[in-house]
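First comes the structure, then the notes that go with it.
Keep in mind that this is a model prediction, so the values were computed, not measured.
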Amino acid sequence: MRTHRNGDLRADHVGREVALCGWVARRRDHGGVAFIDLRDASGVVQVVIHDEAVAHPLRSEFCLRIEGTVRRRPEGNDNPNLATGQVEVEAASVEVLSESAVLPFPIEEHEATPVTDEVRYRHRYLDLRRPGSAAALRLRSDVNQAARSVLLAEGFVEVETPTLTRSTPEGARDFVVPARLQPGSWYALPQSPQLFKQLLMVAGLERYFQIARCYRDEDFRADRQPEFTQLDIEMSFVVEDDVIALGERIVVALWRLVGHEIALPIPRITYADAMRRYGSDKPDLRFGVELVDCTDYFAHTTFRVFQAAHVGAVVMPGGASQTRKQLDGWQDWAKARGAKGLAYVLVDGDGELGGPVAKNLTDAERDGLAAHVGAAPGDAIFFGAGPVRSTLALLGAARNEIGRRCDLIDDDAWAFTWVVDAPLFEPTSETDDVAVGAGAWTAVHHAFTSPKPECLDTFDTDPGSALAYAYDIVCNGNEIGGGSIRIHQRDVQARVFEVMGLGEAEAEEKFGFLLEAFRYGAPPHGGIAFGWDRVCALLAGTPSIREVIAFPKTGGGMDPLTGAPAPITAGQRKEAGIDAVPEADSGA
RNA sequence: GGUCCCGUGGUGCAGUUUGGAGUGCACGCCGGCCUGUCAAGCCGGAGGUCGCGGGUUCAAAUCCCGUCGGGACCGCCA
């Protein structure tokens, strides 16, 4: 149908008879001579039409086939902004393959006329005609290819696992699907292929991967969709360093796609250090600014607010010059996060302390404070006081906010780190009260994560101190992947379930198939899963994963294009067996 | 479940604080003119339930209440 791709035409095609296809990106009709920018997937080339009767009816986004001759553009008429700007195609014939209705929004986007995301996604097939939008999907394709190349070269097997599976009590709410043939019974869509990939290890595949669609019925964010994709990987006969090394080989290959060479090895930080120094399990290491523990410093303080389980501080460089309004803004910012406020002390140019908190401190406390937290004259010191975890989290969020407001973050930087040695369990309750009873613990990673070898004997008697054989990879403050060495011994798995308050009978009912499989010589194994949408969004340089998803959903879980979800007919309801009344004893 | 922002011809905005005729800007659309443009240009024109419902008022895009939709955040998301 065509002889060339529009964007490929160059000066050395001059004189060539060509047939081109594409869409009318823009037309400039001078009445007698008209110029059509003809766009296809490869780019744009200018077509010249001298027959006004042919050119006049053409409109934006008409789909055309053109036969003509490639010509050097007349002297002085080159367009250096186009790859094809040295040439043009003199049309001998113009065939309208398909007319276009008036567009709901301009395809050719100018900076002056952006289009809101909802409109773009409702007509995503038009949005994707835009080179910028399409580039994100093309990049994603390249990212998939790069990951496959690394994994296939290392002997991994790509396996598809079911998307109609069994509801298991993991972290998130399941999407469920009625089973027509067994009314009252339901499939669940997988939150991840976790259990299946472990079974594949029992099956002896040794090295598995899958670009896997996962489903979680939770509320959405800019970086969260109800269905999302993981690069899911599992390996047998490995230790943590083996999986981390593989993960590094993958991210190196991915970031090469955008011209960045990641220095190896990627640094590691323990979960405890990440929380202590950055107040986050996914610290943004593109900038400094660390939290300072002031708990001991204020151990004997008379200031009521600082008589707390944890007192911490974070310094805002130059923050003392903030206006009253800006300082009040921080209070609102903290309250929006559920904190009472954000105490602060300002260090003036002479090193004198100011602000409402300063007068509540003793002379001794004031004298050493700036030195203790590392504040210089002109800085502001923000304090958090309260339960350890929530206080560190608040200070960590404040640190990120300081990074933004003080413009400390280099947008072109890539800062990777592994966060290792996360706790195996965390208390179910919000408080830091350690005296919670058994069953009040939940897995930080997931229920199949092995305790570190040194915790194997003690993790169930002292769950709070047990460390997980787990690792997360963090890029610029985003968790882009995480994994663990799994439990492969049936008795260890049972003890973990016990700590979580999952009794033998219930464990048997929910995970019986896995425990059964582990009876037959399960190999030690571990793996990792990358949040593929986030990885692609980072590489594409976009803040929202929607840009790297072909047909994304809105925050309400709606597909603005198809209108899903939508009501079904009474007939469909009946056939699906949705309204079947469960047996009284079927559990809930 | 909670907080905040947005909703005005097809698109993107301004107008809302301080109520006074659907007022304005840019793009697009339709018609005309135009033989070297490249965001072509010039002239003319069409196009509106100011998201929806209720209230206050002589009068509501504007103020109040509710609701729907979109976005961001907290909770939640192993």
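- Put simply, CZ on A/R27 is 14 Å from C1' on B/rG41, counting in whole angstrom units.
- Out of B/rC73, B/rU11, B/rG36, the shortest distance to the side chain of A/V115 is found at B/rU11.
- Of the nucleotides present, B/rC52 is the one that pairs with B/rG66 by Watson-Crick or G-U wobble criteria, both distances under 3.5 Å.
- Ionic pairing of A/D232 and A/R213 is not present here: no N-O contact between side-chain nitrogen and carboxylate oxygen is shorter than 4.0 angstrom.
- The environment of OH in A/Y187 is sparse: at most 12 heavy-atom neighbours from other residues, nucleotides or ligands sit within 6.0 Å.
- Separation of atoms OG1 (A/T417) and CG (A/D472) is listed at 10.5 Å; rounding is to 0.5 Å.
- For A/E504, the CD atom sits in a loose shell: 12 or fewer heavy atoms of surrounding residues, nucleotides or ligands are nearer than 6.0 Å.
- Remark: the separation of the C1' atoms in B/rG70 and B/rU8 is 16 Å, to the nearest Å.
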Output one line per pair: protein atom, nucleotide atom from nucleotides 1-8 of chain B, and distance, for all N/O pairs under 3.5 Å.
residue, atom, partner, partner atom, Å
B/rG1, O6, A/D219, OD2, 3.4

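- One interatomic measurement links the two molecules: NE2 of A/H30 to P of B/rC34, which rounds to 13 Å at whole-angstrom precision.
- Using a 4.0 Å cut-off between charged nitrogen and carboxylate oxygen, A/E401 and A/R405 count as a salt-bridge pair.
- Side-chain contact, A/S42 with A/D8: no donor N or O sits under 3.5 Å from an acceptor N or O.
- Rounded to whole Å, the separation between the P atoms of B/rG15 and B/rG7 comes to 10 Å.
- Contact of A/E52 with B/rU35 (side chain to base): no donor-acceptor pair of N or O atoms is detected under 3.5 Å.
- Within the 4.0 angstrom heavy-atom criterion, no nucleotide atom of any strand lies near A/D332.
- In the interface, the side chain of A/R73 is paired with the base of B/rU37 through a donor and an acceptor atom under 3.5 Å apart.
- Nearest-nucleotide mapping onto RNA chain B: of A/R28 and A/S544, the residue sitting toward the 5' end is A/R28.
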Listing time: all N or O pairs from protein to nucleotides 68-70 of chain B that are below 3.5 Å?
residue, atom, partner, partner atom, Å
B/rG70, OP1, A/T554, OG1, 2.9

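- For the pair A/D37 and A/R28, the salt-bridge criterion is met [side-chain N within less than 4.0 Å of a carboxylate O].
- Separation of the P atoms belonging to B/rC42 and B/rG47 is 24 Å when rounded to the nearest angstrom.
- The cationic atom of A/R399 (NZ for Lys, CZ for Arg) lies less than 6.0 Å from the six-membered ring centre of A/F287 and within 45° of the ring axis.
- Going from atom CG of A/L126 over to atom C1' of B/rG28 covers 14 Å, rounded to whole Å.
- Atom CZ in A/R404 sits roughly 14 Å away from atom P in B/rA72 (whole-Å rounding).
- Pairing of B/rA26, defined by two Watson-Crick or G-U wobble distances under 3.5 Å, is identified with B/rU11.
- The same atom, C1', is picked in B/rU67 and in B/rC6; the two are 16 Å apart, to the nearest Å.
- Partner assigned to B/rG41 is B/rC33, using Watson-Crick or G-U wobble distances below 3.5 angstrom.
- Rounded to whole Å, the P atom of B/rC65 lies 36 Å from the corresponding atom of B/rA26.
- Judged by distance alone, with hydrogens and angles left aside, the side-chain atoms of A/S280 form a donor-acceptor pair with the main-chain N or O of A/K282 at under 3.5 Å.
- Taking the salt bridge (Lys or Arg N to Asp or Glu O under 4.0 Å) definition, one finds that A/D460 meets it with A/R495, sequence neighbours left out.
- Base contact: A/R71 has a heavy atom under 4.0 Å from a base atom.
- Between the side chain of A/E75 and the base of B/rG36, no donor-acceptor pair of N or O atoms lies under 3.5 Å.
- Taking 4.0 angstrom as the limit, A/R59 places a side-chain polar atom (N or O) nearer than this to OP1 or OP2 of B/rC30.
- Proximity note for A/P106 (side chain, C-beta onward) versus B/rU11, B/rU37, B/rC74: the nearest is B/rU11.
- Residue-level contact check: A/D29 touches the bases, meaning some heavy atom is under 4.0 Å from a base atom.
- Scored by the salt bridge (Lys or Arg N to Asp or Glu O under 4.0 Å) test, A/R129 finds A/E61 as partners (sequence neighbours excluded).
- The distance from atom CZ of A/F220 to atom C1' of B/rG75 is 15 Å, rounded to the nearest whole Å.
- For the P atoms, the distance linking B/rC43 with B/rC34 amounts to 16 Å, nearest Å.
- If you check every strand for non-hydrogen atoms under 4.0 Å, A/P74 touches a base.
- Taking the six-membered ring for Trp and thresholds of 30 and 60 degrees, A/H123 and A/Y125 have ring planes more than 60 degrees apart, a perpendicular arrangement.
- On a pure distance criterion of 3.5 Å, a polar donor-acceptor pair joins the side chain of A/R224 and the base of B/rC77.
- Along RNA chain B, the nucleotide closest to A/E90 and the one closest to A/A447 are compared, and the more 5′ of them pairs with A/E90.
- The stretch residues 469-488 of chain A does not touch RNA chain B, since none of its heavy atoms comes less than 4.0 Å from the strand.
- Rounded to whole Å, atom P of B/rU37 lies 12 Å from atom NE2 of A/H50.
- With a cut-off of 3.5 Å on both pairing distances, B/rU57 has no Watson-Crick or G-U wobble partner at all.
- Other residues, nucleotides and ligands place more than 12 heavy atoms under 6.0 Å from the NZ atom of A/K553.
- Between B/rG66 and B/rU56, the distance separating the two C1' atoms is 15 Å to the nearest Å.
- Relative to the side chain of A/H56, the nucleotides B/rG32, B/rG36, B/rU11 differ in distance, and B/rG32 lies closest.
- Base pairing of B/rA46 is not made with any nucleotide, judged by Watson-Crick or G-U wobble geometry with both donor-acceptor distances under 3.5 Å.
- At whole-Å resolution of the value, CG in A/D37 and C1' in B/rG36 are 13 Å apart.
- Nucleic acid contact for A/S60: sugar-phosphate only, since backbone atoms but no base atoms lie under 4.0 Å from a heavy atom of the residue.
- The existence of a salt bridge linking A/D421 and A/K452 is confirmed by a sub-4.0 Å separation between a basic side-chain nitrogen and an acidic carboxylate oxygen.
- A close approach under 4.0 Å does not occur between any side-chain nitrogen or oxygen of A/T116 and OP1 or OP2 of B/rC13.
- B/rC76 atom P lies 13 Å from atom CZ of A/R337, rounded to whole Å.
- Using a 5.5 Å limit on the distance between ring centres and a 30° limit on the angle between planes, the aromatic ring of A/F105 does not count as stacked on the six-membered base ring of B/rU11.
- Partners of A/R10 according to the side-chain hydrogen bond (donor to acceptor under 3.5 Å, both in side chains) rule, which considers only residues two or more places apart in sequence or in another chain, do not exist here.
- Ring pair A/F382/A/W330 is tilted by interplanar angle, where 30° to 60° counts as tilted.
- Separating the C1' atom of B/rC68 from that of B/rG28 is a span of 28 Å, rounded to the nearest Å.
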